[in-house]
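Structure first, then comments.
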Amino acid sequence: MPLITVSLRQGTTPQFRRLVSEALHKSMVDVLKIPQDDQFHVFHEVADDNLVIQPVVFGLRRTPRTLFIQLSFNRRGAEQKAELFRAIVANLRLYADVPEEDVMLVAFETARENWWAAGRVVDPATGYDERMTDVPDVPDLPDRPGAPGVPGVPEDRGR
């Protein structure tokens with residue numbers, strides 16, 4: 001149940017936002033193998049004076065059409081996230097004519113148990129939606145300091 005939030009300047013059309021949504025969703029389905037109906041996108045149109053960005057960032061000119069995209073999903077490996085970022089950039093150009101210079105992406109990963117929605121059934125063996133046929137093989141990471149498995153912390157600490 002990934003959640004995508006897109007922040008952009010006020011004044012875009014519903015058609016543009018729909019095309020951006022389609023590009024993002026195709027990327028998520030193709031790369032993360034989420035179910036086709038697992039689409040949750042929230043668009044925040046922001047007034048010009050509430051969206052501050054330098055005209056040149058990392059040596060590249062940015063336009064007023066810059067999109068700030070936040071992706072929230074379960075933990076994934078670095079290679080899969082890099083593949084997802086590439087797919088998003090390519091699909092945004094293809095579907096909505098957004099140049100890569102105007103795409104800013106950040107992924108927020110959460111533990112699988114932090115997601116809930118009525119009707120969603122989680123496979124206890126994988127921790128993912130039971131409809132997913134290709135779940136990533138990424139072990140859960142400890143979420144708190146001193147948890148077993150944290151490098152440099154003795155396994156029997158606190159027991």
Side-chain angles (χ1 to χ4, degrees), residues 1-120 122 126-129 131-145:
M1 188 179 114
L3 172 65
I4 298 177
T5 304
V6 180
S7 297
L8 65 166
R9 292 189 193 277
Q10 280 180 335
T12 63
T13 65
Q15 179 183 1
F16 176 76
R17 293 189 301 275
R18 182 183 51 77
L19 292 171
V20 167
S21 182
E22 287 177 13
L24 294 169
H25 191 59
K26 176 161 179 41
S27 302
M28 300 290 276
V29 169
D30 290 351
V31 177
L32 299 186
K33 309 298 185 202
I34 65 169
Q36 185 65 36
D37 69 344
D38 203 351
Q39 184 174 11
F40 302 93
H41 301 173
V42 179
F43 286 82
H44 295 282
E45 285 199 307
V46 180
D48 283 346
D49 57 348
N50 288 328
L51 191 60
V52 179
I53 180 173
Q54 294 296 317
V56 176
V57 179
F58 305 125
L60 298 175
R61 182 154 301 282
R62 311 299 170 156
T63 75
R65 287 187 62 198
T66 297
L67 304 176
F68 298 90
I69 302 169
Q70 298 174 342
L71 311 161
S72 299
F73 47 74
N74 295 341
R75 292 187 179 104
R76 300 297 203 281
E79 289 179 20
Q80 190 176 37
K81 285 183 284 194
E83 182 182 351
L84 176 63
F85 292 165
R86 286 189 297 271
I88 288 172
V89 168
N91 285 332
L92 283 171
R93 180 177 292 282
L94 180 66
Y95 283 66
D97 197 31
V98 178
E100 71 177 299
E101 295 83 10
D102 285 345
V103 178
M104 302 284 197
L105 297 166
V106 63
F108 295 104
E109 296 178 284
T110 67
R112 294 179 284 229
E113 65 271 12
N114 290 345
W115 296 91
W116 181 90
R120 181 174 181 247
V122 176
T126 66
Y128 287 84
D129 187 307
R131 299 170 301 153
M132 291 182 64
T133 58
D134 187 17
V135 297
D137 187 24
V138 178
D140 273 338
L141 300 174
D143 290 328
R144 63 187 195 288

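Values reported hereafter were calculated over all heavy atoms of this structure, with side chains retained and with hydrogens, waters and symmetry mates removed.
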Contacts table for residues 84-100: side-chain donor-acceptor under 3.5 angstrom, sequence neighbours left out:
{"from": "Asn91", "atom 1": "ND2", "to": "Ser27", "atom 2": "OG", "distance (Å)": "2.8"}
{"from": "Asn91", "atom 1": "ND2", "to": "Ala87", "atom 2": "O", "distance (Å)": "3.3"}

**Fill in**
Residues passing the salt bridge (charged side-chain N to carboxylate O under 4.0 Å, His left out) test with Glu109, sequence neighbours excluded, are Lys81
**Request:** Please identify each residue that fulfils side chain to side chain donor-acceptor pair (under 3.5 Å) with Asn50, with sequence neighbours left out.
**Result:** none
**side chain to side chain contact (heavy atoms under 4.5 Å, CB included) assessment of Ile69 paired with Val103** = CA-CA 7 Å; Ile69 302 169; Val103 178; 4.3 Å; yes
**Prompt:** Which residues pass the side chain to side chain donor-acceptor pair (under 3.5 Å) test with Arg61, sequence neighbours left out?
**Reply:** none
**Request:** For residues Arg65 and Leu8, determine if any side-chain heavy atom of one lies less than 4.5 Å from a side-chain heavy atom of the other.
**Result:** no
**Message:** Using every non-hydrogen atom in the two residues, find where Ala47 and Gln10 come nearest and quote the distance to one decimal.
**Reply:** CA-OE1, 3.7 Å
**Item:** Gln70 and Ile4, any side-chain heavy atoms less than 4.5 Å apart
**Value:** no
**Asked** With sequence neighbours excluded, what pairs up with His41 under the side chain to side chain donor-acceptor pair (under 3.5 Å) test?
**Response** Ser21
**Prompt:** salt bridge (Lys or Arg N to Asp or Glu O under 4.0 Å): which pairs involve residues 12-30, sequence neighbours left out?
**Reply:** Arg17-Glu45, Arg18-Glu22, Lys26-Asp30
**Pairing residues for Thr63 by the side chain to side chain donor-acceptor pair (under 3.5 Å) criterion, not counting sequence neighbours** = Asp102
**Message:** I want to check something: taking the side chain as every heavy atom from C-beta on, are Val31 and Lys33 in contact at a cut-off of under 4.5 Å?
**Reply:** no
**Complete:** Between His25 and Pro35 the two heavy atoms that sit nearest each other are CE1-O, 4.1 Å
**Item:** Contact check, side chains of Val29 and Asp38, non-hydrogen atoms, under 4.5 Å
**Value:** no
**Item:** Separation of Leu51 CG from Ser7 OG (nearest 0.5 Å)
**Value:** 7.5 Å
**Message:** Let me confirm one number: the CG-CG distance from Leu3 to Leu71, rounded to the nearest 0.5 Å.
**Reply:** 9.5 Å
**Asked** Do Val42 and Phe40 come close enough that some side-chain heavy atom pair is under 4.5 Å?
**Response** no
**Prompt:** What distance do Leu105 atom CG and Phe68 atom CZ have between them, rounded to the nearest 0.5 Å?
**Reply:** 11.0 Å
**Request:** Run the numbers on Leu32 and Arg76 for side chain to side chain contact (heavy atoms under 4.5 Å, CB included), then give the verdict.
**Result:** CA-CA 9 Å; Leu32 299 186; Arg76 300 297 203 281; 3.6 Å; yes
**Asked** What residues, two or more places apart in sequence or in another chain, satisfy side chain to side chain contact (heavy atoms under 4.5 Å, CB included) together with Val57?
**Response** Ile53, Gln54, Arg62, Met104
**Asked** In chain order, what residues pass the salt bridge (charged side-chain N to carboxylate O under 4.0 Å, His left out) check against Asp48, with sequence neighbours excluded?
**Response** Arg9
